[in-house]
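Just so you know, ligand 1 is whichever comes first in the structure, and atom 1 is the first atom listed for that ligand. On a predicted model such as this, the values are computed, not experimentally measured, just so you know. When a residue number appears, it is its place in the shown sequence, counting from 1. What's counted below: heavy atoms across the whole structure, side chains too, no hydrogens, waters or symmetry copies.
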Amino acid sequence: MQEGIMLDLAVIGGTGVYALGALADVETVEPQTSYGTPSGPIRIGTLAGKRVAFLARHGEGHSLPPHKINYRANLAALRAVGARRVLALNTVGGIGAACGPRVLACPDQLIDYTWGRIATLCEEPGSEVLHVDFGDPYTPALRRQVVAAAAQAGVALVDGGCYGATQGPRLETRAEIARMRRDGCDLVGMTGMPEAGLARELGLDYACLCIVANWAAGAGPDVEEVITLQDVLDNVAVAMAGVPRILHALLAD
Ligand code: HPA
């Protein structure tokens with residue numbers, strides 16, 4: 001394992017993103033952590049001349065639902081292999097008018113609606129009690145770099161917005177999405193928390209790049225539209241086309 005060797009970036013892939021195709025000279029590591037086993041192997045390789053790690057959040061065969069993911073093990077494992085900054089790719093539903101299917105967005109706020117997940121490193125008896133600042137849940141400097149990288153790569157990206165993290169694995173009711181809209185959410189996904197909070201507790205720089213797969217329930221022009229997994233995967237595949245260009249520009253910095 002590459003313990004101690006600094007990586008330039010770790011990327012966590014969400015639904016529909018199970019590998020980074022452009023990663024070269026890939027080495028696979030399967031670190032154990034004091035929090036347990038990560039979702040799958042970590043692939044470490046070279047992208048745009050830099051050392052990059054990739055981890056599929058749901059496992060490479062998408063075997064883990066959002067509430068069963070060991071977010072602590074995932075982040076601790078990435079830290080153990082040398083990651084200090086993490087770009088989380090999150091497949092989401094769109095609520096805000098600018099956040100329709102196939103849009104990429106880099107949120108700057110979040111609201112946590114999840115429950116029953118281990119959301120802190122302070123879980124075990126005797127562990128240090130942490131009260132990390134979380135006013136800006138995403139590392140502002142990294143977020144700015146992602147936004148600048150998209151601009152430089154000529155990839156359209158919504159700069160800012162509020163991510164609402166829901167429990168899943170079911171999608172939301174129209175009333176839930178209407179409430180989230182009133183709360184100020186622009187995007188809805190199931191995996192944004194506790195990941196962002198744990199990254200902060202671990203001292204990792206962390207930003208989120210959302211791939212909008214569908215209008216959230218009742219948010220689009222056809223309010224009764226039924227959301228299918230196939231629509232989600234098709235839209236992610238299209239929107240993902242811009243992501244390698246953003247990564248290249250980000251790493252070239
Ligand atoms: N809601 C929650 N999570 C999601 C959605 C959604 O509509 N689409 C993709 N992930």
Side-chain angles (χ1 to χ4, degrees), residues 11-19 39 55-69 71 74 87-117 119 137-138 156-158 160-197 206-243:
V11 178
I12 302 178
T15 299
V17 186
Y18 305 110
S39 298
L55 173 64
R57 186 186 285 112
H58 296 271
E60 289 180 349
H62 199 113
S63 52
L64 293 166
H67 63 296
K68 293 288 188 195
I69 291 166
Y71 296 92
N74 285 354
L87 181 63
L89 305 182
N90 291 80
T91 299
V92 299
I95 301 175
C99 298
R102 303 183 177 186
V103 162
L104 297 175
C106 190
D108 59 355
Q109 277 299 323
L110 69 78
I111 298 177
D112 187 6
Y113 301 91
T114 66
W115 49 269
R117 303 182 181 187
Y138 304 108
L157 176 79
V158 175
C162 180
Y163 177 114
T166 56
Q167 178 68 2
R170 66 164 177 82
L171 297 168
E172 300 72 34
T173 67
R174 288 197 288 273
E176 286 168 336
I177 294 299
R179 180 183 74 157
M180 292 179 75
R181 187 196 292 281
R182 291 194 297 276
D183 285 352
C185 295
D186 301 291
L187 305 155
V188 53
M190 301 173 191
T191 53
M193 283 295 281
E195 199 173 86
Y206 181 93
C208 168
L209 178 53
C210 288
I211 300 144
V212 183
N214 54 276
W215 284 113
D222 173 5
V223 292
E224 291 184 7
E225 183 185 14
V226 173
I227 303 159
T228 68
L229 183 61
Q230 199 52 52
D231 288 344
V232 167
L233 295 177
D234 289 350
N235 286 330
V236 171
V238 172
M240 267 302 288
V243 173

Any idea how H62 and Y18 line up, ring-wise: parallel (<30°), tilted (30 to 60°), or perpendicular (>60°)? perpendicular

Counting C-beta onward and ignoring hydrogens, is there a side-chain heavy-atom pair between P137 and Q109 closer than 4.5 Å? yes

When L233 is tested against each of T228, T15, T91 for side chain to side chain contact (heavy atoms under 4.5 Å, CB included), which residue passes? T15

Please produce the table of protein N or O atoms sitting under 3.5 Å from N or O atoms belonging to ligand 1, one pair a line, distance to 0.1 Å.
from, atom 1, to, atom 2, distance (Å)
ligand 1, 1 (N), E172, OE1, 2.7
ligand 1, 1 (N), E172, OE2, 3.3
ligand 1, 7 (O), N214, ND2, 3.0
ligand 1, 8 (N), G93, N, 3.4
ligand 1, 8 (N), N214, OD1, 2.7
ligand 1, 10 (N), T91, O, 3.4

So L104 and I211, side chain to side chain contact (heavy atoms under 4.5 Å, CB included) or not? Walk me through it. CA-CA 5 Å; L104 297 175; I211 300 144; 3.7 Å; yes

Nearest-0.5 Å distance, CG of residue L110 to CG of residue D186: 12.0 Å

Once side-chain contact (heavy atoms from CB on, under 4.5 Å) is applied, do any residues pair with L171, and if so which ones, sequence neighbours excluded? M190, I227

